[in-house]
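Remember, it's a predicted structure, so these values are computed and weren't measured experimentally. Quick note on labels: first sequence line is chain A, next is B, and so on, each numbered from 1.
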Amino acid sequence: MSDWEMDESSAFDGWERRSLSQRAMPARPTPYLDGLNPDQRAAVETIDGPVLVLAGAGTGKTRALTARIAHLLNTGRAQPNEILAVTFTNKAAREMKDRIGQLVGGRIEGMPWLGTFHSICVKLLRRHAELVDLKANFTILDTDDQIRLLKQLIRAEDIDDKRWPARMLAGLIDRWKNRAWTPDKVPASEAGAYNNRGTEFYEQYQERLRILNAVDFGDLLLHVVRIFQENPDVLEKYQRWFRYILVDEYQDTNIAQYLWLRLLAGGHKNICCVGDDDQSIYGWRGAEVGNILRFEKDFPGATVVRLEQNYRSTPHILAAASGVIAANEDRLGKTLWTDAAEGEKVRLIGHWDGEEEARWIGGEIEAYQRGTRGLAPYPLDDMAILVRASFQMRAFEDRFLTIGMPYRVIGGPRFYERMEIRDAMAYFRVVVSPDDGLAFERIVNVPKRGIGDKAQAAINQVARLNGVSLLEASRILLAEDGLRGKAAGELRALIDSFDRWSALLQQGELNHVELAEVILDESGYTEFWKNDKSTEAPGRLENLKELVKALDEFENLQGFLEHVSLVMENEQEEGTPKVSIMTLHGAKGLEFPVVFLPGWEDGLFPSQRSMDENGLKGLEEERRLAYVGITRAERHCTISFAANRRVYNQWQSSLPSRFIDELPPQHVEVLTPPGLYGGGFGAAAPAAEAIPGIMRGSDLEERATRADVYNSPGWKRMQTRAQQPRGMAQPREARNMVIDAEAVSAFEIGERVFHQKFGYGAVVGIEGDKLTVDFEKAGTKKVVASYLSAEDSIPF
DNA sequence: GAAAGCCGGTTCGGG
DNA sequence: ACCGGCTTTC
């Protein structure tokens with residue numbers, strides 16, 4: 001047995017004994033099967049060969065997956081360390097570990113290969129690093145490092161990184177890696193990317209990474225795929241070692257992950273993929289719905305199990321979700337059903353503007369909290385607001401602060417991505433691995449110590465000439481007297497500090513937590529924030545304390561750094577009950593008794609950008625997002641839209657989302673907005689003249705305008721449909737005609753128009769909803785009519 | 001080298 | 001509106 005097998009298995013003697021004894025007893029208790037429905041049992045007990053479990057929202061997917069693992073262990077089919085179970089997020093991995101622990105009674109440390117794609121790849125890559133020209137102690141770069149590195153390369157080539165931003169290149173390389181294209185495999189069709197130099201930079205970047213002994217997230221997968229492809233003996237070992245493979249959220253896999261899985265499952269083909277094509281919402285980051293749609297072709301003879309009994313939502317909510325998703329073309333198709341009591345219909349309401357929407361939802365939340373319409377009271381923790389884009393959150397935060405409603409925002413900037421945390425970590429990184437040039441660069445002049453661009457350029461040059469790390473180059477530079485004045489003294493002091501801290505680390509007299517405190521203290525970093533008078537400084541100091549506290553849970557600094565490079569999350573404090581506000585993406589996998597889905601307006605949701613960039617595919621992904629949103633609700637789901645919304649401080653009016661048309665009317669209750677006439681909308685209402693495309697002028701007209709919201713095409717459709725419960729949603733074409741007619745009729749040839757980005761111009765051509773406009777500054781462009789406003793309606 | 005002003009971007013966001 | 005990053009200015 002080679003070392004890589006030994007080191008994982010030796011720790012699990014207890015498991016071994018248990019499985020062996022179980023192997024001898026055919027009729028063992030199988031408590032993990034209790035209460036599973038027949039489909040779930042099939043998902044658990046179909047052990048050999050490829051299995052695709054199509055698990056609709058709320059159908060007990062995790063339950064089936066964990067029971068399947070318990071079953072594999074219980075029947076002695078595999079040892080815990082012979083099961084490869086992959087998830088996308090650390091959260092999902094943790095949850096699965098916990099649940100398996102409950103099923104098989106405690107300690108589940110025995111599953112070393114249950115984890116995210118990336119964490120498993122790190123393990124594999126550390127063992128075989130030399131096969132791709134790396135050392136086993138390679139560092140993992142995050143997006144920030146990646147961009148700084150690319151920026152260096154770009155500047156070295158004298159390219160204007162304003163016009164050709166590093167982010168763009170990073171995104172490009174990322175997409176290529178998601179498709180498993182190494183620099184030599186990037187197809188010719190991509191040659192034009194990044195001003196024709198994309199592949200060239202990709203190549204350079206990979207070379208730099210190799211020299212730095214570093215990898216980015218994409219490499220973690222890609223290197224392992226390459227190792228498997230180029231070393232059949234290694235691949236074969238793992239194919240035999242992982243007797244069973246399980247994959248969660250298969251619809252989210254990208255091509256690199258797909259190849260990785262296909263290679264590993266290539267021998268026995270004992271691969272079980274769980275997923276839901278209707279919940280594929282990560283296309284923009286490389287996920288390929290095609291992987292799940294193609295499963296039966298990729299793995300001939302696959303068993304397909306459908307989990308369709310939903311244990312989460314009421315029939316009305318399910319029906320509403322099903323109605324929306326039915327409009328998608330590319331589906332494997334599932335019909336969710338439930339035994340649950342009928343419950344309330346999905347509620348739908350339109351508002352005048354985003355603020356009013358937030359006000360109304362705040363009121364509703366208070367009502368649910370008290371108990372309303374004869375319902376039992378719901379605690380705030382049971383309620384969530386799910387938005388399409390994060391800027392929508394602000395309206396709710398503003399409102400909730402005003403009325404003193406406790407809330408939590410889920411998502412947002414993550415702890416380990418904050419500037420102060422990354423700075424502190426850079427210090428740790430240099431102490432632990434003095435060769436880490438990116439870390440050194442980050443903090444060499446933070447806090448400001450007079451080592452500016454010139455000094456840094458000198459260090460870089462010495463490093464390049466001598467082929468040494470930046471820290472080493474600094475020593476040489478000082479020894480050769482290549483630096484004068486303040487910079488020299490400060491650099492000297494900094495290097496001495498690093499030497500001192502490294503020595504402390506070696507001696508091990510201080511534990512790593514104390515060492516971290518010493519570093520932050522002696523480097524002047526803590527002091528730096530104490531002297532900062534800005535409002536966020538106290539928070540940053542607080543975060544630094546948090547960081548030191550987090551260190552406590554690790555054995556040493558190295559372990560901690562390894563952990564954070566892969567696990568970057570926000571621990572959310574418990575405590576007082578709060579309403580949750582999050583994006584639809586962030587809500588995937590969660591459920592709440594009461595859910596609000598605001599902002600269902602065409603352009604916002606479905607997002608215009610998604611449709612522009614990806615056409616029908618984009619629209620279908622948005623629709624899946626709608627499906628995910630509705631299916632988060634257990635008992636109450638309220639969808640709303642606003643006729644006007646302030647976006648980047650511009651008023652914008654919009655039509656109700658086309659998804660609203662797709663809601664089956666018999667499962668929807670249309671609510672009448674409060675204060676349609678009369679109600680106190682004087683002070684808070686936006687001035688009507690500030691709204692393009694709507695009316696300007698007198699109070700009388702303002703009143704008419706407000707009424708117009710509810711006479712808008714979308715609203716009228718809702719009203720009509722509400723009166724004829726059996727009616728079908730209007731065909732899409734009819735609706736599009738309305739929009740097109742409006743869009744086209746709004747402009748004529750020769751008209752002066754305004755575009756957010758291109759400025760003023762004159763219409764010179766009209767084709768459908770696309771206009772050709774001669775812009776004064778930006779030249780002639782084709783633009784979609786909805787981006788333009790007539791000059792005389794430009795708000796001030 | 002540090003502060004002040006300017007410009008551009010601005011969905012979704014795991015590892 | 002606002003932030004971050006960059007350029008200009010002192």
Task: Modelled atom types, side-chain donor and acceptor of A:Asn254 and A:Tyr282, under 3.5 Å - done: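 No.
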Open item on the list: When you compare the side chains of A:Gln152 and A:Glu441, does any donor N or O come within less than 3.5 Å of an acceptor on the partner?
Closed with: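 Yes, a side-chain donor-acceptor pair sits under 3.5 Å.
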Which nucleotide wins on minimum distance to the side chain of [X], given the candidates [options]?
X: A:Thr116; options: B:dA2, B:dG13, B:dG15; result: B:dG15
X: A:Lys448; options: B:dG15, C:dC6, B:dA2; result: B:dA2
X: A:His585; options: B:dG15, C:dG5, B:dG13; result: B:dG13
X: A:His118; options: B:dG15, C:dC6, B:dA2; result: B:dG15
X: A:Thr89; options: B:dG14, C:dG5, B:dG13; result: B:dG14
X: A:Arg155; options: B:dG15, C:dC6, B:dC12; result: C:dC6

Open item on the list: Applying salt bridge (charged side-chain N to carboxylate O under 4.0 Å, His left out) to A:Asp174 and A:Lys177, what does each step give before you reach the verdict?
Closed with: CA-CA 5 Å; A:Asp174 221 45; A:Lys177 287 186 174 175; over 6 Å; no
Open item on the list: Any base atoms under 4.0 Å from A:Ile451, or only sugar-phosphate, or nothing? Heavy atoms, all strands.
Closed with: sugar-phosphate
- [ ] Give A:Thr143 one of three labels, base, sugar-phosphate or nothing, depending on what nucleic acid heavy atoms sit under 4.0 Å from its own.
- [x] base
Task: hbond_proxy A:Arg285 side chain to B:dC12 base (donor-acceptor, 3.5 Å cutoff) - done: no
- [ ] Answer yes or no as to whether B:dC12 has its base stacked against A:Trp284, where stacking requires a ring-centre separation under 5.5 angstrom and planes under 30 degrees apart.
- [x]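 A stacking contact exists, since A:Trp284 sits close and nearly parallel to the base ring of B:dC12.
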- [ ] Using heavy atoms to find the nearest nucleotide of DNA chain B for A:Asn445 and A:Glu613 separately, return the residue whose nucleotide is more 5′.
- [x] A:Asn445
Task: Axial cation check for A:Phe592 ring with A:Arg632, 6.0 Å and 45° limits - done: no
- [ ] Measure the distance from CD on A:Gln392 to P on C:dA1 and round it to the nearest whole Å.
- [x] 20 Å
Open item on the list: Whole angstroms only, please: what is the CE-C1' distance between A:Met582 and B:dC12?
Closed with: 15 Å
